[in-house]
Amino acid sequence: AKKHTYDFRQQIEERESVGIISGGSPSDGNKAFQTTLREKHFPYEVISKALNINVEKADASVVADRVHILNAIIGKSKTDINDPPPAEHDTYMKLNDSLKSIFAASQASLQGAAKEGDVEWMAMLGALSKGTKKDDMRFNFGSGGGFIGLSATRATQL
C-alpha cells in the first residue's frame, strides 16, 4: 500500500501498509466502521487483480512445492502427493471463488468497484456472491459514507 495517514478519533498514525483481512484486524476492535477506515487505503488496482485468482495457474519457487500444494488442495493422500496435479479440478474452482469473495467482501473493494464501470462493478458483485462465509455487512449511503453517489440500481444490486 502507499504511505497514508490513518485518522481515527483524532488518533493519527502514519502508516506504510494496510491489509484486507476477512473479519477485520484486532486493531479494528471488532467494529466494521474501523475496518472500513483502515482498509480504504488499500489500492483498488491491487484488489481488483484478486478477481483473477487461479490457484491452479500459480507458480511456486520450487516446482515440487506447487505439485504438493495443488494435490493437497484436491485432497490427495500423502502417498499420492507427488502425482502430477490435474490442470482443472472442481476444488480449485471452489477455492478460487472463496478467495475472490474474501477480497470482494471488503468495503474498499466494493467502494472501489463502485467508482468503476458496470463491468468491474458486476465482476466484484459476482465474486462477492460466490462466497461461502456469511458475514454481517453494513453500508453507509449517507453523506459521510463511502457509497455516496451510488445509483439506486447499484444500491439494489449490492
Side-chain angles (χ1 to χ4, degrees), residues 1-2 4 6 15-140 145-147 150 153-158:
K2 60 186 179 227
H4 63 279
Y6 178 73
R15 295 187 173 181
E16 293 187 29
S17 64
V18 63
I20 301 292
I21 302 168
S22 181
S25 81
S27 68
D28 298 333
N30 204 27
K31 299 204 178 351
F33 72 94
Q34 285 182 230
T35 301
T36 300
L37 283 174
R38 182 181 50 76
E39 290 182 350
K40 75 179 183 179
H41 299 284
F42 199 97
Y44 177 72
E45 59 273 9
V46 175
I47 294 171
S48 64
K49 290 179 182 179
L51 298 183
N52 298 316
I53 291 172
N54 287 300
V55 296
E56 67 275 21
K57 294 180 181 175
D59 291 324
S61 56
V62 177
V63 175
D65 288 346
R66 180 180 181 278
V67 169
H68 297 159
I69 291 166
L70 292 176
N71 281 328
I73 289 170
I74 63 172
K76 288 255 185 159
S77 68
K78 190 174 181 178
T79 58
D80 298 327
I81 204 78
N82 291 314
D83 291 352
E88 297 178 3
H89 196 279
D90 286 343
T91 307
Y92 298 156
M93 296 297 291
K94 289 176 187 174
L95 179 57
N96 290 336
D97 287 343
S98 178
L99 293 170
K100 291 172 189 179
S101 74
I102 289 168
F103 280 94
S106 77
Q107 294 282 327
S109 299
L110 295 168
Q111 290 172 8
K115 295 174 186 166
E116 299 292 324
D118 288 338
V119 171
E120 294 85 358
W121 173 250
M122 292 309 294
M124 195 64 71
L125 292 184
L128 179 63
S129 73
K130 293 181 181 180
T132 56
K133 183 179 178 193
K134 303 301 177 200
D135 284 329
D136 182 36
M137 296 184 81
R138 296 174 189 209
F139 306 100
N140 184 347
F147 291 98
L150 192 69
T153 299
R154 285 191 173 183
T156 302
Q157 291 168 333
L158 185 56

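Note that the structure is predicted; figures quoted are calculated from it, not measured.
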So which heavy atom on [X] is nearest to which on [Y], and how close?
| X | Y | answer |
| --- | --- | --- |
| Gln157 | Met122 | NE2-SD, 3.8 Å |
| Ser77 | Thr79 | OG-OG1, 2.9 Å |
| Ala127 | Leu51 | CB-CD2, 3.4 Å |
| Tyr44 | Ala108 | CD1-O, 4.2 Å |

Kindly indicate, with the supporting measurements, whether the criterion side-chain hydrogen bond (donor to acceptor under 3.5 Å, both in side chains) is fulfilled by Ser101 and Ser98. CA-CA 5 Å; Ser101 74; Ser98 178; 4.7 Å; no
Give, for atom [atom1] of [X] and atom [atom2] of [Y], the distance between the pair rounded to the nearest 0.5 Å.
| X | Y | atom1 | atom2 | value |
| --- | --- | --- | --- | --- |
| His89 | Glu56 | NE2 | CD | 11.0 Å |
| Lys100 | Ile47 | NZ | CD1 | 15.5 Å |
| Phe139 | Gln111 | CZ | CD | 9.5 Å |
| Asp97 | Ser129 | CG | OG | 8.5 Å |

Backbone N/O of [Y] and side chain of [X]: donor-acceptor pair under 3.5 Å:
| X | Y | result |
| --- | --- | --- |
| Asn96 | Val55 | yes |
| Asp80 | Lys76 | no |
| Thr91 | Ile73 | no |

State, with a plain yes or no, whether a side-chain heavy atom of [X] is found less than 4.5 Å away from one of [Y].
| X | Y | value |
| --- | --- | --- |
| Lys130 | Lys94 | no |
| Pro85 | Tyr92 | yes |
| Leu70 | Arg66 | yes |

Starting from the C-alpha separation in whole Å, work towards a yes-or-no answer on side-chain contact (heavy atoms from CB on, under 4.5 Å) for Asn71 and Asn82. CA-CA 8 Å; Asn71 281 328; Asn82 291 314; over 6 Å; no
What I want to check is whether the side chains of Thr156 and Thr153 have a donor and an acceptor closer together than 3.5 Å. no
